[in-house]
Every structure is written in C-alpha cells, then in structure tokens.
Amino acid sequence: MNNFEMKKRVVLFVLLLCSTAVLFAQKTKVQGKVVDATTDENLPDVEVTIEETAFTVKTNADGNFNFDAFSVPLGEQIISFEKAGFIKKRFPVIINEGETLNLELIELEVDINEENFQIGTISLSDNELNNEEGSADNLSGLLQASKDVFLNAASYDFSATFFNPRGYDSQNGKVLINGIEMNKMYNGRPQWSNWGGLNDAQRNQVFSMGLSANDYNFGDLAGTTNIIMRASQYQKGGRISYASSNRTYRGRVMASYNTGLLEDGWAFSFLVSRRYGEEGYREGSLYDANSFFASVEKKLGENHSLNFTTFYTPNRRGKTSANTQEVYDLKDTRYNSYWGYQDGEIRNSRVREIEEPVFMLNHYWDITEKTRLNTNVSYQFGKIGNSRLGYDDVLNPDPAYYQKLPSFELAQDGGPNYAGAYLNLTEFQRDGQIDWNSFYETNTDDNGNGLNSRYYLYEDRNDDDKVTANTILTSEINSNITLNAKLNYTNLTSHNLLI
C-alpha cells in the first residue's frame with residue numbers, strides 16, 4: 001500500500017468519525033409556547049402530554065415548554081394541552097429523530113361553560129344543619145376539588161351534609177394552601193370558614209385521590225387537596241360577580257383583579273367579597289361574612305420566586321336547631337328554636353363567630369429541570385367562638401325542650417294529661433320562640449336590681465396562635481420514579497375560654 005492510498009484511507013476514516021459525532025450530537029426536541037387565546041397572556045402550569053405515553057411536562061411562568069430532557073417517542077404522535085378553566089386541545093404531530101419540532105404558539109380558549117357554572121354555583125361551607133362538632137363539617141370543598149364524576153354528583157346533588165364518600169370523616173382528608181396543611185391540630189378537620197368567600201382565588205386546585213402519591217403531603221384516606229394561591233398563577237384581568245341563594249345566605253358579591261406576571265417579574269392579585277343574609281332557609285339563621293385576599297409575587301431570576309399571600313375572612317353565622325319529627329309536624333321544616341324577638345329584632349342565641357387571618361411566605365426554587373424545592377412559612381391567629389344559653393335551677397329555656405311538647409304530657413305515668421298536652425300544643429304553635437324579655441325579668445327583682453343570674457348567655461372560645469414551616473423537595477429520577485421529601489414544623493398555642 002503506497003503513501004497515497006494510506007492518506008486516502010486516513011482522510012475517509014476521519015470524515016466518518018466526524019459524521020458519526022455529528023449524528024450522535026443531534027438531539028430530538030419538542031418545544032413551544034402556550035398563551036390565552038383572548039388576552040395573549042402567557043399560561044403557566046399547562047399540562048402538555050404526548051398521549052398514550054408517560055411523557056408529561058408543564059409550562060413555566062412564561063408559558064414555555066419542552067421535552068428535550070426526555071427520549072421522546074418518534075413518528076406520528078398526538079400532543080394534548082390541558083389546564084383547568086380552559087378548553088382542552090389536541091394536535092397530531094410527526095416527531096423525526098434528531099430534529100426540533102417547534103409548535104411555536106398554542107392558543108387555549110377559556111371554557112365559558114365552566115366559568116358560568118362556577119359563577120352561578122355557591123360552594124356552601126359550615127352547613128347550617130351541622131353542629132360545631134359535626135363530622136361532615138365542610139367536607140363539600142374537598143368533594144368539589146375533584147373532577148371525578150361520582151364525587152361531583154355526591155357534592156352538588158346531595159352535599160356533604162347528607163353524604164360522605166366511603167363514609168370518611170372530614171378529618172380523613174388533608175387540605176393544603178400553597179403546600180401548607182390547614183387541618184386543625186386538635187380535631188384534624190379543615191376549617192373552611194377561614195377562607196370562605198374566596199372562590200375566584202381558589203379555582204387552581206390539585207386533588208389526589210386517597211393515599212395516591214402527590215407533590216405536597218403524604219395524604220390521607222379521603223385524599224389530599226392543595227389550593228394554589230400564588231399571584232403569578234392567576235390569569236390577568238378583573239371580575240365582578242353576584243350570586244343568590246336561599247340556603248345559608250341570601251346574596252354574595254365578589255370582585256377580584258389579577259395583574260398576571262408583569263415584565264419586571266412582579267405579580268399582584270386582590271379579591272374582596274361579602275356574603276350576607278338576615279336568615280337563610282331556616283328561620284333566624286343570620287349570615288354576615290366578609291372576605292379579603294391579597295397575593296404578591298416576585299420572580300428572582302430564572303430559578304427563584306418569592307410569594308406572599310394573606311387572607312382574612314371574618315364571619316358570623318346563626319345556628320339552627322336539630323328538631324324531632326314532632327316539632328316538624330307542629331311547625332314546619334324551616335322552624336328554628338334558637339331565636340326569639342328582642343326589641344322587635346330577631347336575636348339568635350347560638351352564633352358561631354370566626355376571625356382567624358392567615359399570612360404565608362413561599363419560596364420556589366427550580367434547582368434543575370427535574371428537581372424543585374419549595375419552602376413555606378405561615379402564621380395564623382385569632383378566635384373561634386360559639387355562644388349558647390345557660391340556666392341554673394330553672395327549666396331549659398329551649399322552646400322545643402321535650403317537657404314543653406304535647407308528647408310529654410301524653411306519656412305521664414298516671415295516664416295521658418290531655419289538658420296539659422293541649423296547653424303545650426297551643427303555646428308552642430302560637431309562639432315557640434325564645435322569650436328574651438322573660439330572662440331579664442327572672443334575673444332582676446321588682447325594683448330592677450340584678451340578682452344571681454338564672455339565665456345567662458355565654459361563649460365557648462378557642463384563641464389560637466399557630467406557626468407552620470416546611471420545605472418540600474421534588475425530584476424526577478426518571479420517567480417512572482419521582483422522589484418527594486418533606487420536613488415540617490408546627491407549633492400551636494391554644495387558649496380555651498368560657499366567656
């Protein structure tokens with residue numbers, strides 16, 4: 001072999017190596033951007049999925065997505081785009097090896113039907129039929145957080161007052177806001193009144209059924225709901241709505257405004273609402289609730305974001321009595337024995353009052369494309385009060401007390417007392433409400449001087465101060481394995497008072 005042939009072979013070998021290097025350097029990519037079709041605003045957290053595969057990513061704060069971290073499947077595929085409140089879109093594509101498929105701009109349209117449905121639907125909390133220890137208290141919010149057809153039917157058609165999925169108590173479900181658990185420490189139940197009336201700010205929810213894996217908590221039997229209340233996650237724009245109800249309150253007016261993520265990295269969100277009613281469906285069941293919400297977020301570079309959220313929802317609700325069939329027969333289904341007239345106005349003896357503002361600070365750090373660290377701190381304080389009538393050496397002041405009903409006189413040991421039964425019947429049907437004036441007369445002498453109170457109104461109070469801090473690490477090891485780790489600290493100082 002002469003020198004010319006040797007040089008020729010060396011040159012061919014080098015060219016082959018370079019071609020192979022270029023071939024292996026080429027990488028298949030799928031990328032694009034998702035925006036709101038109406039406002040052209042970037043849409044974060046849109047779920048982008050290559051259908052019939054395990055490949056799923058979410059758009060970032062700028063609406064961008066890419067699959068370059070995966071060995072994406074080749075050939076004809078269908079890519080879907082899905083986000084709560086928007087109409088799902090599906091696109092057929094062809095993915096070629098070593099090429100970049102740029103879908104450029106994908107526009108998602110707002111789901112008008114869902115928007116209108118949410119405006120006209122009132123999510124009831126603290127149902128009037130539940131007492132303060134009711135096991136089903138406020139479970140409706142957990143039910144409504146799922147798109148499951150059965151749970152939706154159970155929530156909207158029956159409500160949690162009459163139906164518990166699989167018989168689970170509300171303490172069997174975990175409720176989180178921005179990754180911070182909101183269930184009460186002393187009974188394990190979420191107090192939905194702490195964020196009632198903030199409907200427009202709570203539509204971004206992630207629900208995990210049962211003990212299934214999720215990015216925020218270990219979960220519980222009735223599932224885990226994480227309500228995302230970050231300023232950058234709300235669609236830009238304002239909204240004013242009004243809703244009417246004949247159950248717990250008569251009307252609700254709500255106004256909100258979101259700036260979306262601004263060019264300088266700031267995002268702001270505000271909401272105010274009021275729910276009111278002199279009484280709901282049941283007599284004397286007053287409702288007086290105001291709600292305030294604010295969130296501010298600052299994007300610190302490409303990988304860090306700091307969010308501050310606060311909400312305050314002071315509310316007062318008049319409770320309703322649990323009645324026997326005899327009481328319903330003598331009155332009707334709207335009857336409530338807890339109220340009476342005082343100075344010509346309705347006064348309820350059992351009022352539940354809640355004032356517990358919440359402050360949150362959240363830090364989001366995208367360490368890598370597959371690893372995220374979320375650190376949260378929250379502070380909540382305030383009171384929960386439940387008033388009721390007390391009595392000493394006198395008959396129970398409840399007008400529906402069993403000794404004041406006809407059945408008591410008809411069940412005497414010496415035989416039915418028809419005259420006494422008739423008197424109880426006429427008295428109960430004629431009035432049957434609390435006599436506030438008689439209480440004051442009993443507690444004073446003929447000269448109006450105060451005596452030892454035989455009737456008194458008191459309040460059971462819980463004054464709490466709660467500090468919570470946690471850090472949550474999420475890392476996608478591969479397409480089938482995701483690692484979640486969490487450190488949590490909670491401190492509660494609680495004072496239980498009788499006032």
Side-chain angles (χ1 to χ4, degrees), residues 120-141 143-144 153-164 167 170 192-193 196 243-252 275-289 315-342 344-352 386-389 395-411 421-436:
T121 300
I122 295 179
S123 299
L124 299 178
S125 62
D126 276 325
N127 276 291
E128 71 275 12
L129 295 179
N130 289 330
N131 59 37
E132 60 272 19
E133 300 298 331
S135 61
D137 192 27
N138 294 318
L139 192 58
S140 58
L143 290 172
Q144 294 166 7
S155 173
Y156 292 110
D157 296 344
F158 300 107
S159 91
T161 304
F162 307 105
F163 180 84
N164 287 348
S170 60
W192 286 80
S193 293
S244 181
S245 167
N246 65 349
R247 294 186 65 179
T248 51
Y249 49 82
R250 292 299 182 182
R252 182 199 71 197
R275 293 165 292 161
Y276 57 90
E278 293 185 3
E279 61 182 9
Y281 177 77
R282 303 286 297 279
E283 298 173 344
S285 54
L286 68 96
Y287 206 107
D288 183 14
N315 60 87
R316 296 174 65 249
R317 175 176 61 85
K319 296 183 182 180
T320 56
S321 58
N323 301 325
T324 63
Q325 187 61 49
E326 179 184 11
V327 172
Y328 282 133
D329 292 339
L330 297 177
K331 290 288 190 177
D332 58 38
T333 56
R334 297 190 59 196
Y335 174 73
N336 176 20
S337 66
Y338 290 162
W339 69 275
Y341 285 104
Q342 183 178 6
E345 296 184 359
I346 292 176
R347 182 181 181 184
N348 195 311
S349 63
R350 296 203 178 191
V351 175
R352 182 175 178 84
N386 294 278
S387 66
R388 67 184 69 203
L389 279 172
L395 191 63
N396 190 320
D398 189 339
Y401 185 55
Y402 79 99
Q403 292 186 13
K404 300 179 181 180
L405 298 177
S407 59
F408 176 75
E409 297 296 340
L410 296 176
Y422 179 75
L423 290 175
N424 284 356
L425 172 65
T426 55
E427 177 64 22
F428 186 68
Q429 289 184 329
R430 181 184 63 83
D431 186 8
Q433 302 302 148
I434 289 177
D435 188 353
W436 289 99

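Keep in mind it's a predicted model, so treat the numbers as computed, not measured.
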Minimum heavy-atom separation for Trp339 to Gln433, with atom names? O-NE2, 2.9 Å
Considering all heavy atoms of both residues, which atom of Tyr338 and which atom of Lys319 are nearest to each other, and what is their separation? CD1-O, 3.6 Å
Between CG on residue Leu425 and CD on residue Gln429, distance to nearest 0.5 Å: 4.0 Å
Minimal heavy-atom distance between Ser285 and Gly280, with the atoms involved, is OG-N, 2.9 Å
Would you give the length of the straight line joining atom CD1 of Ile434 to atom CG of Asn348, rounded to the nearest 0.5 angstrom? 7.0 Å
List the residues meeting side chain to side chain contact (heavy atoms under 4.5 Å, CB included) with Gln403, not counting sequence neighbours, and say none if there are none. Leu395, Tyr401, Phe408
Atom OH in Tyr422, atom CD in Glu409: separation rounded to 0.5 Å? 14.5 Å
For Asp288, side-chain hydrogen bond (donor to acceptor under 3.5 Å, both in side chains) partners two or more places apart: Arg274
What distance do Glu345 atom CD and Glu278 atom CD have between them, rounded to the nearest 0.5 Å? 9.0 Å
Check Ala400 against Val327 and note the closest heavy-atom contact, atom names and distance. CB-CG2, 4.2 Å
Within the side chain of Ser337, is there an N or O that forms a donor-acceptor pair under 3.5 Å with the backbone of Asp398? no
Are a donor atom and an acceptor atom from the side chains of Lys404 and Asn396 found within less than 3.5 Å of each other? no
Check against salt bridge (charged side-chain N to carboxylate O under 4.0 Å, His left out), Arg334 and Glu279: CA-CA 11 Å; Arg334 297 190 59 196; Glu279 61 182 9; 3.7 Å; yes
First locate atom CD of Glu326, then atom CG of Leu405, and finally report the distance between them rounded to the nearest 0.5 Å. 4.5 Å
Distance-only side-chain donor-acceptor flag, Tyr281 / Thr333, under 3.5 Å: yes
Set of side-chain hydrogen bond (donor to acceptor under 3.5 Å, both in side chains) partners for Thr324, sequence neighbours left out: none
First locate atom CG of Asp329, then atom OH of Tyr335, and finally report the distance between them rounded to the nearest 0.5 Å. 13.5 Å
Does any N or O in the side chain of Thr320 come within less than 3.5 Å of the main-chain N or O of Asn336, such that one atom is a donor and the other an acceptor? no
Please examine the side chains of Ser321 and Arg282, heavy atoms only from C-beta on, and report whether any two atoms are closer than 4.5 Å. yes
If every non-hydrogen atom of Pro406 is compared with every non-hydrogen atom of Asn424, which pair is closest and at what distance? N-CB, 3.9 Å
Please determine which of Arg250, Arg317, Arg252, Arg275 meets the side chain to side chain donor-acceptor pair (under 3.5 Å) test together with Tyr287. Arg275
